[in-house]
Protein chains: 2
Amino acid sequence: MEDVLRSLGFLCLGSRLKRIGEQLQADTQRLLDCLDVPVQSSQYPLLAALDRLGPLPVGELAQSLGITQPGVTRSVSLLSDLGLVEVTQSDGDQRRRMVSLTKSGRSLVDLAKRDVWPRIESAVADLCRDLSGPLLAQLAAIEDGLAAAPLDRRVEKGTAQ
Amino acid sequence: MEDVLRSLGFLCLGSRLKRIGEQLQADTQRLLDCLDVPVQSSQYPLLAALDRLGPLPVGELAQSLGITQPGVTRSVSLLSDLGLVEVTQSDGDQRRRMVSLTKSGRSLVDLAKRDVWPRIESAVADLCRDLSGPLLAQLAAIEDGLAAAPLDRRVEKGTAQ
DNA sequence: TCGCAAACTATAACATGTTATATAACGGGG
DNA sequence: CCCCGTTATATAACATGTTATAGTTTGCGA
């Protein structure tokens with residue numbers, strides 16, 4: 001069965017990038033499920049942003065993640081329900097709501113940084129190893145690579161080094 | 001403001017690909033809006049699949065697009081409401097529902113193939129021109145390129161050649 | 001040939017992005 | 001000093017992907 005998105009080349013590049021991204025996130029999610037962490041893979045960028053940049057107001061968090069403010073507001077309230085982040089207003093400006101990691105969020109991030117993220121990163125790096133040449137060829141290689149061995153199968157290989 | 005996804009490199013590649021894909025689709029949507037076509041950019045792959053492969057049952061359509069069957073079912077019913085595709089059961093197997101372009105869908109695709117898709121393709125090709133090197137570098141170049149001149153600004157340049 | 005597992009599609013529930021808009025707080029100019 | 005535009009966030013409505021599951025047909029095998 002012909003892969004139409006691939007055949008269309010540049011024309012539907014956006015759809016194709018989204019499709020590959022979803023595949024990667026789904027694979028990552030399976031990894032996380034095995035490791036018994038209670039957060040969707042798509043929430044990690046937000047946690048990583050707070051880890052790297054410290055407490056931030058909603059708007060700046062949105063900017064640093066490259067998504068819109070309503071998206072951040074929703075993720076924050078989700079993570080807040082899970083007890084991983086908290087929202088305070090201590091600042092002088094009552095409009096701004098500072099988002100920060102809770103103790104529990106801090107622990108999760110520290111654990112992830114030590115045990116989980118390196119594995120994921122090495123699995124993805126393994127997938128992308130030796131890629132070169134035009135973008136579309138690299139994308140095709142990633143798709144083929146994921147089809148041949150999903151990320152979870154690349155983790156052990158990656159950490160064995 | 002640091003771009004966290006970019007800093008994280010391979011770790012959040014999935015999120016980053018999705019973000020770039022969404023950006024491309026949004027830019028494409030703006031192009032389509034100018035040209036007064038009544039369909040979201042994300043529906044074009046389905047129409048293109050029917051154009052390339054002819055009438056297909058829902059399941060094969062899903063396979064050729066690399067998305068799940070419920071996603072196709074919903075898009076088909078949306079496009080069917082717009083009168084662009086139709087669903088028939090003529091086949092021997094009563095479980096299968098063949099999806100095909102209507103006359104109106106055929107016209108839209110023909111028009112798009114002649115007037116719209118070449119412009120989009122050349123704009124994206126322009127964006128990706130001269131890309132080379134490691135994947136992450138190419139992605140960064142695409143993001144920078146889109147920030148500097150969104151797709152709609154690249155159309156005239158592209159068609160002028 | 002009857003029954004039941006497999007195959008195909010539809011539906012429900014959810015995830016997470018978007019745009020548009022409402023609400024509340026800030027702060028400058030008359 | 002108050003009004004009003006600007007800024008920050010929340011909410012609503014929608015788009016479109018997913019997984020899980022229900023409901024029909026089909027067709028094989030006892």
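Every heavy atom of this structure was used, including side-chain atoms; hydrogens, water molecules and symmetry mates were not. Labels below follow one simple rule: chain letters A, B, ... track the order of the sequence lines, proteins then strands, and each chain is numbered from 1.
Side-chain proximity of A:Gln94 to the nucleotides C:dA25, D:dT9, D:dT18 is greatest for C:dA25. Here C:dT18 is the nucleotide among C:dT18, D:dG17, D:dT9 with the atom lying nearest to any side-chain atom of A:Pro70. Comparing D:dG17, C:dG17, C:dT9 by their nearest atom to the side chain of B:Gln69 picks out C:dT9. The side chain of B:Asp93 has D:dT26 as its nearest neighbour among C:dT9, D:dT26, D:dT11.
Partners of A:Ser107 by side chain to side chain contact (heavy atoms under 4.5 Å, CB included), not counting sequence neighbours: none found. For B:Arg95, the side chain to side chain contact (heavy atoms under 4.5 Å, CB included) test picks out B:Asp93, with sequence neighbours left out.
A:Val109 places none of its side-chain heavy atoms less than 4.5 Å from the side chain of A:Leu50.
Rounded to an integer number of Å, the gap from B:Ile20 CD1 to C:dG17 P is 15 Å. Rounding to whole angstrom units, NZ of residue B:Lys18 and C1' of D:dA15 are separated by 13 Å. Between the P atom of C:dT19 and the CZ atom of A:Arg74 lies a distance of 13 Å, rounded to the nearest Å. Distance CD (B:Gln29) to C1' (C:dT19): 12 Å, rounded to an integer number of Å. Between the P atom of C:dG17 and the CG atom of B:Leu17 lies a distance of 14 Å, rounded to the nearest Å. Note: CD (B:Gln89) to P (D:dT24) measures 13 Å, nearest angstrom.
Across all strands shown, A:Gln43 has heavy atoms under 4.0 Å from sugar-phosphate atoms exclusively, and none from any base. Contacts of A:Arg19 with the nucleic acid, taken as non-hydrogen atoms under 4.0 Å apart, are absent. Contacts of A:Glu22 with the nucleic acid, taken as non-hydrogen atoms under 4.0 Å apart, involve only primed sugar atoms and P, OP1 or OP2. When heavy atoms are screened at a 4.0 angstrom cut-off, B:Gly21 is found touching no nucleic acid atom at all.
Under 3.5 Å, the side chain of A:Arg95 and the base of D:dT7 form at least one donor-acceptor pair of N or O atoms.
A salt bridge between A:Asp110 and A:Arg106 is present, with a side-chain N of the basic residue lying under 4.0 Å from a carboxylate O of the acidic one. Between B:Asp152 and B:Arg119 there is no salt bridge, since no side-chain N of the basic residue sits under 4.0 Å from a carboxylate O of the acidic one. A salt bridge between A:Arg30 and A:Asp27 is present, with a side-chain N of the basic residue lying under 4.0 Å from a carboxylate O of the acidic one. Under 4.0 Å is where a charged nitrogen must lie from a carboxylate oxygen, and between A:Asp3 and A:Arg16 no such pair does.
Between the side chains of B:Glu86 and B:Ser80, no donor N or O sits under 3.5 Å from an acceptor N or O.
Along DNA chain D, the nucleotide closest to B:Gln25 and the one closest to A:Met98 are compared, and the more 5′ of them pairs with A:Met98. Heavy-atom nearest nucleotides on DNA chain C were determined for A:Ser75 and for A:Gly92, and the one closer to the 5' end corresponds to A:Ser75. Nearest-nucleotide mapping onto DNA chain D: of A:Ala26 and A:Val87, the residue sitting toward the 5' end is A:Val87.
Residues of residues 54-67 of chain A having a heavy atom closer than 4.0 Å to DNA chain D, listed by number: A:Pro57, A:Val58, A:Gly59.
Put simply, B:Thr68 has no side-chain N or O that comes within less than 4.0 Å of OP1 or OP2 on D:dG17.
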